[in-house]
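These notes are about the structure you will find just below.
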Amino acid sequence: MTVYNKLVEVQNKLKAPKSQFNSFGKYNYRNAEDILEAVKPILKEVDAVVVLKDEIVLIGDRYYLKTIAKFVDAENGETIEVEAMA
């Protein structure tokens, strides 16, 4: 199974309910811990890991949080990496 096949399987099986509640905005949401707890057993099934890395970057006169998520196939070391800014 390729790293992409494993990622597809994890994405199809992952169910992370919105178990948190924002009383000010009156809405339910899921946080990173909820998602990670839900994904761990699925990662074990497919023999893969997710590695997260955060860093603060300065662009112009504003600071941003850059997060890098890496999906790693534990069998052969193949990776898929994405990054996002907030």
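Partners of Thr2 by side-chain hydrogen bond (donor to acceptor under 3.5 Å, both in side chains), not counting sequence neighbours, listed by chain and number: Asn5.
Alongside Tyr29, the hydrophobic cluster contains Tyr27 (criterion: ILVMFWY side chains under 4.5 Å). In the hydrophobic clustering, where aliphatic and aromatic side chains (Ile, Leu, Val, Met, Phe, Trp, Tyr) are joined below 4.5 Å either directly or transitively, Val8 stands alone. Ile68 belongs to no hydrophobic cluster with other residues, because no ILVMFWY side-chain heavy atom falls under 4.5 Å from its own, directly or through intermediates. If you chain together ILVMFWY residues whose side-chain heavy atoms come under 4.5 Å of each other, Ile80 ends up grouped with Val3, Tyr4, Leu7, Val10, Leu14, Ile35, Leu36, Val39, Ile42, Leu43, Val46, Val50, Leu52, Phe71.
Rounding to the nearest 0.5 Å places OG1 of Thr67 at 9.5 Å from CD of Glu83. From Arg62, atom CZ reaches atom CG of Leu58 across 11.0 Å, with rounding to the nearest 0.5 Å.
Applying the salt bridge (charged side-chain N to carboxylate O under 4.0 Å, His left out) definition to pairs two or more places apart or across chains, those involving residues 5-14 are Lys6-Asp73, Lys6-Glu75, Glu9-Lys13, Lys13-Glu45.
In terms of hydrophobic clustering, with Ile, Leu, Val, Met, Phe, Trp and Tyr side chains grouped at heavy-atom distances under 4.5 Å, Ile59 and Leu65 are assigned to different clusters.
Asp34 and Ala16 make their closest contact through O-CB, 4.5 Å (heavy atoms, listed as atom of the first residue, atom of the second, distance). In plain terms, the two heavy atoms of Arg30 and Pro17 that are nearest each other are CB-O, 3.7 Å. In terms of heavy-atom proximity, Tyr64 sits nearest to Met85 at CB-CE, 4.0 Å.
The number of heavy atoms from other shown groups lying within 6.0 Å of OH (Tyr63) does not exceed 12.
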